[in-house]
Number of protein chains: 2
Amino acid sequence: MVTITDVARAAQVSKKTVSRVINDHPDVADATRQRVQAVIDALGYQPSMLARGLVQGRSNTVGVIIDESAEDVFGYPLYSENLRGISRVLSRHNFDMLVHFARHETSYTDLYYQRRVDGLILMSMPVDNPFLPVVLGGDIPYVLTQRVSDHEAPAHWVDVDFESGAVQALEHLWALGHRQFAFLIGPPNKTYARLLLRGYRQALADRGQDIREDLIVRSQPYISASKTVVTALLERPDPPTAFACSDDMMAIQVIQLLQKLGYQVPGDLSVVGSDDALIARLASPLLTTIHQDAYRKGSLAAEMLLEQLGKQVNSPSSRQVLLPTELVVRGSTGPVRSR
Amino acid sequence: MVTITDVARAAQVSKKTVSRVINDHPDVADATRQRVQAVIDALGYQPSMLARGLVQGRSNTVGVIIDESAEDVFGYPLYSENLRGISRVLSRHNFDMLVHFARHETSYTDLYYQRRVDGLILMSMPVDNPFLPVVLGGDIPYVLTQRVSDHEAPAHWVDVDFESGAVQALEHLWALGHRQFAFLIGPPNKTYARLLLRGYRQALADRGQDIREDLIVRSQPYISASKTVVTALLERPDPPTAFACSDDMMAIQVIQLLQKLGYQVPGDLSVVGSDDALIARLASPLLTTIHQDAYRKGSLAAEMLLEQLGKQVNSPSSRQVLLPTELVVRGSTGPVRSR
DNA sequence: TTGAAAGCGCTAACAG
DNA sequence: CTGTTAGCGCTTTCAA
């Protein structure tokens with residue numbers, strides 16, 4: 001492996017001069033620069049980031065931690081989009097990312113202390129992760145891709161405005177004449193599920209209506225309520241005319257269930273999802289859903305982290321960013337059916 | 001940041017002795033070891049992999065390259081599973097992974113020369129990637145997660161036996177009485193699509209039947225043929241009674257299309273997918289599909305790479321591994337409908 | 001069983 | 001504009 005010393009010797013200059021050339025330092029005579037560059041090209045020299053990192057005390061590397069307890073979630077396209085967003089921004093700034101799947105019980109600060117990553121992006125970290133306080137209270141640069149409780153010290157995070165998305169979805173359904181709603185919602189310990197439900201609840205309250213607790217059905221992410229449960233919902237007095245689901249997979253399953261039960265979607269019943277995953281644009285009918293920009297969430301997280309590291313980034317600085325959501329109206333919602 | 005020097009000073013020993021302790025070197029007196037360890041714990045010392053990597057000439061890091069031209073593919077759950085498999089094995093051996101999204105035109109050998117990763121895992125690298133020969137012909141340890149042409153020098157890869165999966169699927173359909181098959185297949189430049197089709201073609205040939213070229217429909221991954229095309233297929237003389245799709249997303253779209261056209265699946269028509277993604281287990285009807293173990297593919301790739309790096313791994317060594325596929329029979333295939 | 005010295009490949013500080 | 005010296009934090013000789 002060719003080193004800076006090799007280049008210096010071959011170009012008849014000092015190592016420092018070579019260093020200046022590869023770092024685009026201005027104080028180098030053009031002639032020298034060209035000579036050195038020629039040698040660099042000829043020898044195929046590539047500077048070692050390892051050595052550079054050691055002496056500079058930073059590695060130009062960011063650690064991305066994905067909590068393994070989000071394993072059930074990980075098959076989902078949004079994660080990959082987050083990663084792509086992060087990666088794109090980082091590579092623009094000559095950073096690389098060390099991706100780490102963390103078990104709940106292992107400290108992810110090791111990446112910082114051992115690998116000397118310059119900062120951490122914590123993806124989908126559960127709020128009760130035991131090592132979270134260490135990061136939030138320490139001096140490790142970090143960004144969370146999920147908000148943490150408002151009561152804590154102001155943390156760095158990007159998140160998606162699920163509540164607003166839910167409000168938009170309900171407004172849409174309301175305008176279509178729907179008044180009875182069923183909610184198929186992920187488990188309460190998932191923040192997004194809580195927030196969506198809160199949004200729906202608020203939007204209903206604004207219209208003078210209480211959410212009907214008997215029409216809220218909890219299930220695991222991506223797995224909708226069973227046929228039995230859905231049937232039971234529809235047999236209640238004042239049955240729901242619209243189903244709001246906390247992700248697109250659930251929504252699509254519900255649609256299929258309803259179709260199998262002989263209902264038309266959106267003719268008889270309406271369904272909205274959340275996320276706007278690829279599948280929402282492929283299902284039949286096309287899914288009306290709450291769009292979130294997962295790529296942007298990732299790229300923004302990276303930008304926020306780079307800014308903490310003193311880099312100049314495009315977006316204005318802020319400790320906490322709530323990305324907007326937008327209801328995408330497609331084919332799974334329609335006017336309430338007159339009886 | 002506390003260094004080995006701090007520990008040495010505090011423990012009244014030389015740096016080398018501390019080094020021996022953290023590397024579990026045998027030649028240390030128990031008393032010394034304990035004293036040093038106590039200091040390490042007290043100070044919270046973590047050795048810098050950067051410094052260690054510099055002196056040892058290896059970084060205990062693996063580069064994982066995901067070709068960006070596979071962008072359309074990346075929303076798909078299998079990728080994430082590959083990554084999880086890689087990560088799990090690596091961390092067991094104290095390796096970390098540097099994940100890099102490579103554009104087609106940028107050389108991914110930079111990771112090796114600049115970041116000094118010890119080896120590369122190339123995910124979904126197109127066979128015509130211009131830098132592939134550099135890796136295959138060079139002395140960089142690597143593993144591909146996709147086979148390359150048999151005519152090349154023997155390369156290191158793990159792949160999935162799509163052909164065998166297709167054969168199994170066709171056998172299953174044949175046994176159910178199906179004789180006319182439509183194939184909704186990804187683009188020809190995708191290896192998996194080629195191999196699936198080859199398997200189907202072979203299985204048909206073994207039964208004395210030629211594949212009907214007019215029943216082969218090409219489309220992009222995850223996007224099935226349109227309603228018009230599917231309708232046209234069904235209006236051909238001797239229409240297909242079964243649809244074989246090259247991924248689960250396509251299969252599910254086709255099922256929905258068929259249902260919308262008034263057909264029962266599997267009552268009137270059968271559909272098989274490929275991959276066994278999460279969605280296959282959630283769709284309605286549950287999808288009969290060709291299962292592949294994406295997690296295993298990742299973990300095996302990591303093991304193969306570590307072995308090249310001289311590590312002791314579980315699996316026996318081999319340059320090329322073809323992981324088995326298995327047809328999972330669920331609800332989307334049934335006996336051909338008697339007319 | 002332990003330590004001193006040297007050096008991995010690079011850059012920072014300071015001269016010249 | 002260029003070079004010298006020193007040193008980042010660790011491991012590797014080689015001696016003691």
message: I need the CG-C1' distance between A:Asn23 and C:dC10, as an integer number of Å.
response: 9 Å
- prompt: Will you find, in the side chains of B:Thr61 and A:Arg115, an N or O donor that is under 3.5 Å from an N or O acceptor?
  reply: yes
task: Measure from the side chain of B:Asp27, starting at C-beta and using heavy atoms only, and say which of C:dC10, C:dT1, D:dG3 lies closest.
output: C:dT1
message: Check this one for me: any side-chain N or O of A:Ser14 less than 4.0 Å away from OP1 or OP2 of D:dT2?
response: no
message: By the definition side-chain contact (heavy atoms from CB on, under 4.5 Å), identify the one residue from A:Leu90, A:Leu98, A:Val89 that meets it with A:Val62.
response: A:Leu90
field: N or O in side chain of B:Ser19 less than 4.0 angstrom from D:dC10 OP1/OP2
entry: no
field: Shortest side-chain distance from B:Ala51, nucleotide among D:dG9, D:dC1, C:dG9
entry: D:dG9
- prompt: Under 4.0 Å between a side-chain N or O of A:Ser48 and OP1 or OP2 of C:dG9?
  reply: no
query: If you check every side-chain atom of B:Val55, which of D:dC1, D:dG3, D:dT11 has the closest atom?
result: D:dT11
query: Would you say the side chain of A:Arg20 and the base of D:dT2 hold a donor-acceptor pair, judged only by whether the two atoms sit under 3.5 Å apart?
result: yes
- request: Say whether B:Asp41 and B:Gln37, considering side chains only, have a donor N or O and an acceptor N or O under 3.5 Å apart.
  value: yes
query: Quick one: is B:Thr32 getting a side-chain N or O under 4.0 Å of the C:dT2 phosphate, OP1 or OP2?
result: yes
field: Spacing between B:Lys15 atom NZ and D:dG7 atom P, to the nearest angstrom
entry: 11 Å
query: Between atom CD in B:Gln56 and atom C1' in D:dC8, what is the gap in whole Å?
result: 16 Å
- request: Can you tell me the distance, in whole Å, between the CD atom of B:Gln34 and the P atom of C:dT2?
  value: 12 Å
field: Rounded distance (Å) that lies between atom C1' of C:dT2 and atom CG of B:Asp30
entry: 15 Å
message: Rounded to whole Å, how long is the line connecting atom CG of B:Leu54 with atom P of D:dG7?
response: 17 Å
message: Side chain of B:Ile4, heavy atoms from C-beta onward: which of C:dC10, C:dT2, D:dG9 has the nearest atom to it?
response: D:dG9
field: Side chain of B:Arg52 - closest among D:dC10, D:dG9, C:dT2
entry: D:dC10
- prompt: A:Asp118: what forms a side-chain hydrogen bond (donor to acceptor under 3.5 Å, both in side chains) with it, not counting sequence neighbours?
  reply: none
- line: Assert: residue with more 5' nearest nucleotide on DNA chain C, out of B:Lys16 and A:Tyr45, is B:Lys16
query: Nearest to the side chain of B:Ala29 - C:dC10, C:dT2, D:dT12?
result: C:dT2
- prompt: Taking atom P of D:dT2 as reference, at what distance in whole Å does atom CD of A:Gln12 sit?
  reply: 14 Å
- prompt: Do B:Arg296 and B:Ser299 meet the criterion of a side-chain donor-acceptor pair at a distance under 3.5 Å?
  reply: yes
- prompt: A:Arg115 has an atom CZ; how far is it from atom P of D:dC10, in whole Å?
  reply: 14 Å
